[in-house]
Amino acid sequence: MDSFIIAALALGSLTAPVYGDKWNSKARSCSDIRQFYSGKGFPLDGVPQSEISGEHLRICPQGYTCCTSDMEDNLAVLSRREMEGVLKDAGRSLQTSLTGQFKAFDGYFQELLNRSAISLQETFTATWGLLYSQNSQVFSDLYTDLRFYYRGSNINLEEVLNEFWARLLEKLFYQANKQYFIGEDYLECVSKQIDTLRPFGDIPRVMKMMVTRTFVAARSFAQGLMVSGEVVRKVSQVQLSQECMRAGMRMTYCPHCRGMASARPCANYCSNVMKGCLANQADLNTEWRHLAETMIQVADRFDGPSGVDSVILSLPNRISEAMLTMMDNIEPINSKLFQACGSLREGGTSSTGVDEIMKRGRVTVEDRLETNSNKMDKLVSDVTVRLRDLQSYWVSLPNLLCSDRVATGTGAEDKCWNGMNRARYLPEVMGDGLASQINNPEVEIDITKPDMTIRQQIMQLKIMTHRLKNALNGQDVDFQDTSDDVSGSGSGMCTEDMCSRGPRLVKPSTERPIRYPYPPENKEVKASASQNLPGITIYLLSLLILLLRR
């Protein structure tokens, strides 16, 4: 009997470690991930109660797991949707900021135009009387054209101003010489003499220079804000790739499948995943920075005594001064016009009373700058600060997305999730942009196939920057819809023929960094132990029978 007990104990001591190695004394429960999975809105049908072998997994490590193939697929799609949601939220916040800056600038600029127009109407009614009221259309047309120009209409600003002064010359000449018969042909001849005659002195030249400089800069600045916001909106809607989805799943939800729900990604691991997923977005950085820098340069043009407020609100005063200049010199002007266009026959209406017009016209026209004349400076300053803060937006996105999810604290580098287990992450962090991802160990990327939507937006930024630089040089800018400047084929940076040639430049799987192995109780060892169990049991039973026969 003692021999029987000894044999039984021997059998138990040999078989116990084998079963313990397979199940660690007891198969681990999947209750945590069941609760987590259900909380994400997925049904629990088919979700294991305890760990199962993970040979079926295609994204997560194939150790013992609580995830089925369907769970892995569902969580992968969820990880991409969540990442795209974070990107859209960040883009929406930026777009809202840029749109708000545009609305503030645009609203105040148009407010200035309205105040200037109202000021002219009120003061000219008082100072020029009938001369203004009978010719008010000339002035209202000027402000209408200025508004259309600012809003982006295809109007030549210099021609608008030249036309205004020519029409004003005709009207003033007609009002000052009503005792004559003056036909349309004669008035046309009068307007053609404006360059040689210079009836308004130097005011048209100075005003043209200041108005052109201000309006070209203002509307290019406003459209720069609009284009920036549109670029952000379109880029934020770009879908992430399948490879990014797999990488996001491995980083975010594979720890749950492995029973390590509390494990957070290693910082460098998260950086590589995000730099790979956002490689195309990072390529916006150069042109985005150029646009911001150029807009800041344009904004500098709004400062000083020739700033936007001053230029727009002083228009009535400048125009009134020009009219007084002509009226002060009406006799020599008439003489030169009679000589150039021919004498006029008397017989018109009675004299217009030039002296009375001059007396009323000398009343000072107020600029009405008021106490909030610094509002434009404040608006532009706010935009400038915001632009400086956003210059590195596209390359800072990976850090932004990783900031709230990576492991932190003492010893975090050795206990974080590295894509396979809790251990230090050894691969180096990749650079920014598509070309830098050829060796990315986490996201497989074909660097010869850039995202065409993003390439189109890069071209939009280039076009807008070019227009802003023209505005800096005082050149009028053709502001057609920027979407017309880029064909559906993208930016042309990678033509179809070029992109289709050569091998696919992706990192071969054989060159991936060494993954950190599971502890010795991996599936191969466990399977081997399970397969050897029947043979060991038969041998021990035979030994027991021999002992009992003695």
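Numbers here are sequence positions counted from 1.
Between the side chain of S153 and the backbone N or O of F148 there is at least one donor-acceptor pair closer than 3.5 Å. Remark: side-chain polar atoms of S381 are not paired, donor with acceptor, to backbone N or O of D377 under 3.5 angstrom. When atom types are taken as modelled, the side chain of S93 and the backbone of D89 share no donor-acceptor pair closer than 3.5 angstrom. Checking side-chain atoms of R80 against main-chain N and O of L240 turns up a donor-acceptor pair under 3.5 Å. T252 places no side-chain N or O within donor-acceptor distance of the main-chain N or O of M249, the cut-off being under 3.5 Å.
With respect to R167 and D141, a salt bridge is recorded, a charged nitrogen being found less than 4.0 Å from a carboxylate O. Comment: R386 does not engage D382 in a salt bridge, judged by the lack of any side-chain N to carboxylate O separation of less than 4.0 angstrom. Comment: K103 does not engage D106 in a salt bridge, judged by the lack of any side-chain N to carboxylate O separation of less than 4.0 angstrom. Using a cutoff of 4.0 Å between basic side-chain nitrogens and carboxylate oxygens, E188 and K192 are scored as salt-bridged. Between R233 and E230 there is a salt bridge, since a side-chain N of the basic residue sits under 4.0 Å from a carboxylate O of the acidic one.
Each of I203, D328, L168 was compared with M323 under the side chain to side chain contact (heavy atoms under 4.5 Å, CB included) criterion, and only L168 meets it. None of N418, D414, N268, N272 except one satisfies the side chain to side chain donor-acceptor pair (under 3.5 Å) rule with Y425; the exception is N272.
Between the CZ atom of R198 and the CD atom of Q193 there is a distance of 15.0 Å, given to the nearest 0.5 Å. Between L315 atom CG and S320 atom OG the span is 12.5 Å, to the nearest 0.5 Å. A distance of 5.0 Å separates OH of Y108 from CZ of R115, quoted to the nearest 0.5 Å.
Between A247 and V443 the shortest heavy-atom distance is CB-CG2, 3.7 Å.
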Practice task
Could you give me the CA-CA distance, side-chain angles and deciding distance for F109 and F102, then say whether ring-ring contact (aromatic ring centres under 6.0 Å, His included) is met?
Solution key: CA-CA 10 Å; F109 190 88; F102 163 75; over 10 Å; no

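Taking the six-membered ring for Trp and thresholds of 30 and 60 degrees, F302 and F105 have ring planes inclined between 30 and 60 degrees apart. Using cut-offs of 30° and 60° for the angle between ring planes, the F164 and F139 rings count as perpendicular. Note: F200 and W165 have tilted aromatic rings, judged against thresholds of 30 and 60 degrees for the angle between ring planes.
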Determine all donor-acceptor pairs shorter than 3.5 Å in which one atom belongs to a side chain in residues 396-406; sequence neighbours excluded.
from: S396; atom 1: OG; to: S392; atom 2: O; distance (Å): 3.1
from: S396; atom 1: OG; to: Y393; atom 2: O; distance (Å): 2.9
from: S403; atom 1: OG; to: L400; atom 2: O; distance (Å): 2.8
from: R405; atom 1: NE; to: L401; atom 2: O; distance (Å): 3.2

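No side-chain donor-acceptor contact under 3.5 Å links Y150 and D145. A side-chain donor from one of N162 and K208 sits under 3.5 Å from a side-chain acceptor of the other. No hydrogens or angles considered: a donor-acceptor pair under 3.5 Å links the side chains of S262 and R422. For Q121 and Y143, the side-chain atoms include no donor-acceptor pair closer than 3.5 Å.
Sorted by first and then second residue, the salt bridge (charged side-chain N to carboxylate O under 4.0 Å, His left out) pairs with a member in residues 274-290 read K275-D432, D283-R455; sequence neighbours excluded.
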